[in-house]
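Lettering of chains follows the sequences in order, A, B, ..., and the numbering in each one begins at 1. No experiment lies behind these values; they were computed from the predicted model shown.
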2 protein chains.
Amino acid sequence: MSMTLSNYLPVLTWGRQYDRSALSNDLMAALIVTIMLIPQSLAYALLAGLPPEAGLYASIVPIILYSMFGTSRALAVGPVAVVSLMTAAALSNIVEQGTMGYAVAALSLAGLSGVMLLAMGLFRLGFIANFLSHPVIAGFITASGIIIAASQLKHIFGVDAHGHNLLDLVLSLAAHLSDINWITAVIGVLATGFLFWVRKGLKPMLEGLGLGETLTGVLVKTGPVAVVVLTTFAVWVFGLADRGVKIVGEVPQSLPPFTIPSFSPDLLGQLLLPAFLISIIGFVESISVAQTLAAKKRQRIDPDQELIGLGAANIGASLTGGFPVTGGFSRSVVNFDAGAETPAAGAFTAVGLAIAALALTPLIYFLPKATLAATIIVAVLSLVDFSILKRSWDYSKADFAAVLVTILLTLIVGVEIGVSAGVGLSILLHLYKSSKPHVAEVGQVPGTEHYRNILRHVVITEPSVVTLRVDESLYFANARFLEDKVYNRVAGDKEIRHVILQCSAINEIDLSALESLEMINNRLHEMDVKLHLSEVKGPVMDRLKEQHFLQEMTGEIFLTQYEAAKTVSEKT
Amino acid sequence: MSMTLSNYLPVLTWGRQYDRSALSNDLMAALIVTIMLIPQSLAYALLAGLPPEAGLYASIVPIILYSMFGTSRALAVGPVAVVSLMTAAALSNIVEQGTMGYAVAALSLAGLSGVMLLAMGLFRLGFIANFLSHPVIAGFITASGIIIAASQLKHIFGVDAHGHNLLDLVLSLAAHLSDINWITAVIGVLATGFLFWVRKGLKPMLEGLGLGETLTGVLVKTGPVAVVVLTTFAVWVFGLADRGVKIVGEVPQSLPPFTIPSFSPDLLGQLLLPAFLISIIGFVESISVAQTLAAKKRQRIDPDQELIGLGAANIGASLTGGFPVTGGFSRSVVNFDAGAETPAAGAFTAVGLAIAALALTPLIYFLPKATLAATIIVAVLSLVDFSILKRSWDYSKADFAAVLVTILLTLIVGVEIGVSAGVGLSILLHLYKSSKPHVAEVGQVPGTEHYRNILRHVVITEPSVVTLRVDESLYFANARFLEDKVYNRVAGDKEIRHVILQCSAINEIDLSALESLEMINNRLHEMDVKLHLSEVKGPVMDRLKEQHFLQEMTGEIFLTQYEAAKTVSEKT
């Protein structure tokens with residue numbers, strides 16, 4: 001019982017061994033992450049189309065819940081770029097941005113996603129995420145990064161623009177180009193430029209000065225905070241808000257409120273697919289980060305328990321004024337690098353953010369939205385990486401097709417269609433390949449007991465015996481293909497008296513394939529040709545044993561292909 | 001050029017060798033099939049919800065077109081039970097039965113299905129049909145047979161009833177039970193009983209009298225014609241039509257008319273999915289019959305050309321007052337048994353039916369609908385066969401699940417949902433299985449070079465070396481699963497210094513799996529464990545060669561597992 005409980009509540013395991021050294025490390029990490037998270041949380045709320053405080057709220061209770069249920073020691077849960085973009089895309093189709101209904105729908109989306117994650121964890125359905133192939137994920141992240149960056153340009157230039165794909169965004173921006181607010185544009189471009197310089201210029205410079213990796217890292221991470229402080233100060237001092245620079249404005253001073261998502265069946269129905277996609281994408285992003293960090297310390301991540309942790313975090317977000325959250329890459333890496341030892345670091349971060357929400361919000365009244373947009377743009381452009389196109393092109397055209405479709409459809413149509421099409425296409429291509437498996441006619445390598453492809457090797461064959469090796473499990477999608485292959489080979493050659501199927505690569509034979517084998521056996525029998533099997537695997541043989549196919553088979557089953565060929569040749 | 005043309009027009013091949021003996025055999029077969037087809041065509045039109053003449057029209061031009069483009073020598077194309085049921089199910093959702101729009105929608109459905117079949121043939125997409133597994137087809141045919149039989153009970157009892165699944169039909173019948181027309185019921189029950197007796201009682205009796213198989217067969221096939229003649233005569237003589245017995249009534253005396261299907265985008269959009277399902281189901285039914293008959297004479301069927309033949313037939317049906325058609329089992333077997341040698345037999349059948357449509361339609365004015373319903377019921381109940389449930393249960397629970405879902409959903413919800421769910425579930429279960437492949441830890445069988453599962457055999461292992469054999473191709477759906485397997489095995493055992501992956505059953509490694517292998521290699525490296533591969537297949541190795549994974553690999557690649565184990569053991 002206690003075993004089971006601590007399985008579902010990992011906090012019971014690490015909590016017992018918690019000591020002072022872990023405490024001080026966790027506190028230090030929490031401080032650094034808190035400073036980094038304040039602008040990031042505000043910015044991702046903006047990206048999701050929500051008021052800035054939603055970003056803070058989404059980072060408080062979810063972190064605490066994850067720290068109780070999750071298995072990763074260093075994962076930091078909260079709003080992340082791609083999930084925020086998907087949230088905006090999902091909600092904008094249903095309710096108008098800026099309305100009360102929009103914020104409530106965001107709660108419902110988080111709650112629905114939380115319930116789905118929890119259910120997947122409890123029913124051990126985490127394997128579903130495996131159907132997102134690596135290339136599809138890489139393509140999706142790259143395309144999303146571009147869309148996110150494009151969506152923030154309106155804030156940088158102080159214009160109105162809308163759209164959830166690149167085409168709409170670009171057209172909308174072009175249409176509003178004449179409305180540019182030049183002061184906003186100056187702030188936006190300078191902030192963006194500064195943040196890029198911090199990453200690309202300052203970092204190598206500080207390292208060149210011999211400041212050490214950790215200190216450099218901390219200084220670089222404070223870049224966004226510096227921009228926030230500087231631009232807020234500038235807007236306040238010069239009264240730029242009165243000259244058209246859009247600011248964050250009044251943010252309530254409050255702990256996360258208790259909120260109730262809408263349970264309208266109509267709304268939930270419309271959110272079903274987006275919530276599912278957000279759950280899967282969020283889970284994949286989170287588990288990759290968690291596993292990368294865990295491997296560095298030889299810790300184990302339990303994917304099903306991770307689903308439970310993320311599910312709890314999202315349900316928490318839906319009850320406390322947040323929106324969908326997941327384990328973020330940059331914040332988790334910062335947490336890990338800053339020395340976080342246990343999930344308690346996350347809880348301390350939550351406390352830090354709660355203090356910020358209570359006490360610091362008046363300070364960001366004059367924070368320009370352009371600054372937040374700049375932090376988003378710089379963060380997401382580091383995700384954009386087209387090298388997956390070349391890599392997949394070189395390795396496998398099927399993978400390339402899946403990446404290309406994912407990128408193009410995400411950019412042109414939108415995130416939901418993009419990732420769904422990528423997953424669908426990779427599954428279809430996989431099924432297509434296995435529906436036309438490689439079938440080799442094999443012969444004996446002289447002087448050995450080995451049998452190899454007659455097209456690749458110099459081998460000995462017998463005119464009355466054909467041996468075919470199928471390099472794939474036999475199942476419904478390729479059962480008829482095998483029938484065709486055998487008939488085509490035998491129909492053209494009157495000398496053939498024996499067909500041997502070498503089954504060394506056949507890991508499974510389903511009922512359709514069994515019926516095809518029976519059919520092959522019967523039709524070959526009508527042509528006076530015997531069917532034999534060789535090298536049938538243990539588990540496959542176990543199943544076949546019970547079937548009358550074995551009694552009806554005109555030929556025999558041999559342990560090795562060599563034995564099969566020898567016995568059959570002697571008979572002819 | 002001539003080669004290509006005769007590929008697409010098989011008539012050019014067999015037409016050149018046509019002689020008098022083939023002609024007389026084809027004429028005889030055509031006569032028998034024509035007599036059998038007249039009641040059958042009328043009955044299937046009734047089943048599809050169309051006027052009786054549509055059944056005749058659907059059997060004339062389509063047969064001729066198939067005989068020019070199809071590759072099967074004996075296949076008889078026309079309305080068949082399951083496709084007629086699917087037609088009724090598809091159209092009833094959209095337009096009201098009995099209206100002009102209904103008949104026009106049937107033309108559109110046939111045309112759309114024809115275009116799809118043609119396109120699949122030209123683009124060589126016939127493999128799509130392979131995703132209908134044998135058990136799903138068996139389950140679907142059985143469930144459809146039951147629904148068809150149930151749908152005809154209203155004609156047998158002379159009541160009104162509607163519905164396209166068993167539940168609706170039974171409820172609707174029950175609600176109208178008090179409206180039974182007793183004269184109709186007597187005709188219906190007697191006709192059904194007689195037809196059953198012809199199949200089950202007369203046939204053995206005639207064989208017992210030593211009448212020979214062919215003659216018995218012909219007599220049994222004339223059973224439906226006899227019932228048609230007798231009941232029509234009875235209705236006429238006793239004036240039963242005035243006493244509430246529903247009759248076929250006036251049927252135009254006409255050759256198939258030239259008709260134009262509706263091209264309304266709205267209608268076509270709604271028909272898209274039904275047309276696709278009808279195309280696939282029809283193709284599967286047709287190709288199975290064609291291949292069974294071809295194998296008996298060692299002829300070849302070209303699946304892609306069959307698609308073209310069926311596509312042409314359906315387009316023909318849509319232009320001549322018909323509805324969706326395909327190659328039918330019973331009519332093709334009769335054609336084959338009656339001695340048809342070439343597709344010309346089909347053309348002669350078309351002529352026979354055209355004469356019937358022109359001259360014989362007044363004779364069926366008094367034909368009771370109950371008689372047609374009886375012929376349908378007796379025909380489809382022979383399709384009902386629940387043995388697939390036991391067979392699949394015994395062999396594979398995944399196949400059983402697919403059959404059960406297909407049967408239940410077809411009966412309860414309807415044909416389209418039933419077959420789609422069956423296909424979807426079998427694909428999902430296949431993907432699920434391959435996402436959690438069998439991974440065996442193997443050891444050396446003493447005194448041999450063979451390596452077997454340590455759980456199944458007494459084998460020799462080395463504490464510092466772990467060899468894992470994955471019995472599945474590595475692709476995105478199982479890439480992370482493999483990572484987990486390896487980490488779990490290594491994390492628990494500090495002695496391990498080498499991991500060997502025996503790749504003998506790996507037919508493919510996609511990009512996701514390659515990246516997982518790189519990840520495994522890196523993480524094992526961090527744990528000071530080397531990764532080796534053994535028995536990598538030729539095509540897999542060809543691809544890996546180009547990749548930097550091979551340079552980064554901490555271990556080596558060995559041709560055989562024996563060599564790998566020997567080399568690695570010597571190092572430790």
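Atom NE2 of His525(A) is surrounded by 12 or fewer heavy atoms from other residues, nucleotides or ligands within 6.0 Å.
Closest non-hydrogen pair, Tyr395(A) versus Asp510(B), comes out as CE2-C, 3.5 Å. Taking both residues in full, the closest heavy atoms of Phe476(B) and Ser133(A) are given as CB-CB, 3.3 Å, listed atom of the first, atom of the second, then distance.
Considering only heavy atoms from C-beta on, Phe127(A) comes within 4.5 Å of Tyr432(B) through its side chain. With a 4.5 Å cut-off on side-chain heavy atoms, Tyr475(B) and Ile427(A) do not count as touching. With a 4.5 Å cut-off on side-chain heavy atoms, Phe131(A) and Leu428(B) do not count as touching. Side-chain contact between Tyr487(B) and Ile301(A): absent, with no pair of heavy atoms (C-beta onward) separated by less than 4.5 Å.
Using cut-offs of 30° and 60° for the angle between ring planes, the His430(A) and His430(B) rings count as parallel.
Heavy-atom distances place no part of Asn453(A) under 4.5 Å from chain B, backbone and side chain included. Contacts of Val470(A) with chain B are absent, with no heavy-atom separation under 4.5 Å from either backbone or side chain. Contacts between Glu546(A) and chain B at a heavy-atom distance below 4.5 Å are absent for every atom of the residue. In this structure, no portion of Leu125(B) lies under 4.5 Å from any heavy atom of chain A. In this structure, chain A has no heavy atom under 4.5 Å from any part of Val540(B). If you measure heavy-atom distances from His450(B) to chain A, you find no contacts under 4.5 Å at all. In this structure, no portion of Pro437(B) lies under 4.5 Å from any heavy atom of chain A. The part of Leu514(B) that comes within reach of chain A is its side chain, from C-beta onward, which places non-hydrogen atoms under 4.5 angstrom from that chain. There is no contact between Leu524(A) and chain B, counting heavy-atom distances below 4.5 Å. Using a 4.5 Å cut-off between heavy atoms, Ile128(A) makes no contact with chain B at all. Ala129(B) touches chain A through its backbone: at least one of N, CA, C or O sits under 4.5 Å from a heavy atom, while the side chain does not. Heavy-atom distances place the side chain of His548(A), and not its backbone, under 4.5 Å from chain B.
Heavy-atom pairs under 4.5 Å with chain A were tallied for Ile287(B), Ile506(B), Ile509(B); the largest tally goes to Ile509(B). Comparing Arg452(B), Glu483(B), Arg523(B), Met519(B) by how many heavy-atom pairs each has under 4.5 Å with chain A, the most go to Arg523(B). No other option in Asn488(A), Asp484(A), Leu132(A) has as many heavy-atom pairs under 4.5 Å with chain B as Asn488(A). Chosen from Ala398(A), Pro539(A), Ser434(A), Ala138(A), the residue pairing most often with chain B at heavy-atom distances under 4.5 Å is Pro539(A).
Taking 4.0 Å as the cut-off between side-chain N and carboxylate O, Asp542(A) and Arg456(B) count as a salt-bridged pair. Using a 4.0 Å cut-off between charged nitrogen and carboxylate oxygen, Arg391(B) and Glu518(A) count as a salt-bridge pair.
One N or O on the side chain of Ser512(B) and one on the backbone of His134(A) form a donor-acceptor pair closer than 3.5 Å. At least one donor-acceptor pair under 3.5 Å links the side chain of Asp399(A) to the backbone N or O of Leu511(B). In this structure, the side chain of Asp471(B) does not engage the main chain of Asn507(A) through any donor-acceptor pair within 3.5 Å. For the pair Arg543(A) (side chain) and Ser396(B) (backbone), a donor-acceptor distance under 3.5 Å is absent. Panel note: side chain Asn130(B), backbone Asn478(A); no donor-acceptor pair is recorded below 3.5 Å.
Atom CD of Glu508(A) sits about 12.5 Å away from atom NE2 of His438(B), to the nearest 0.5 Å. To the nearest 0.5 Å, the span separating CD on Glu515(B) from CD1 on Ile137(A) amounts to 9.5 Å. To the nearest 0.5 Å, atom CD of residue Glu535(A) and atom OG of residue Ser504(B) are 10.5 Å apart.
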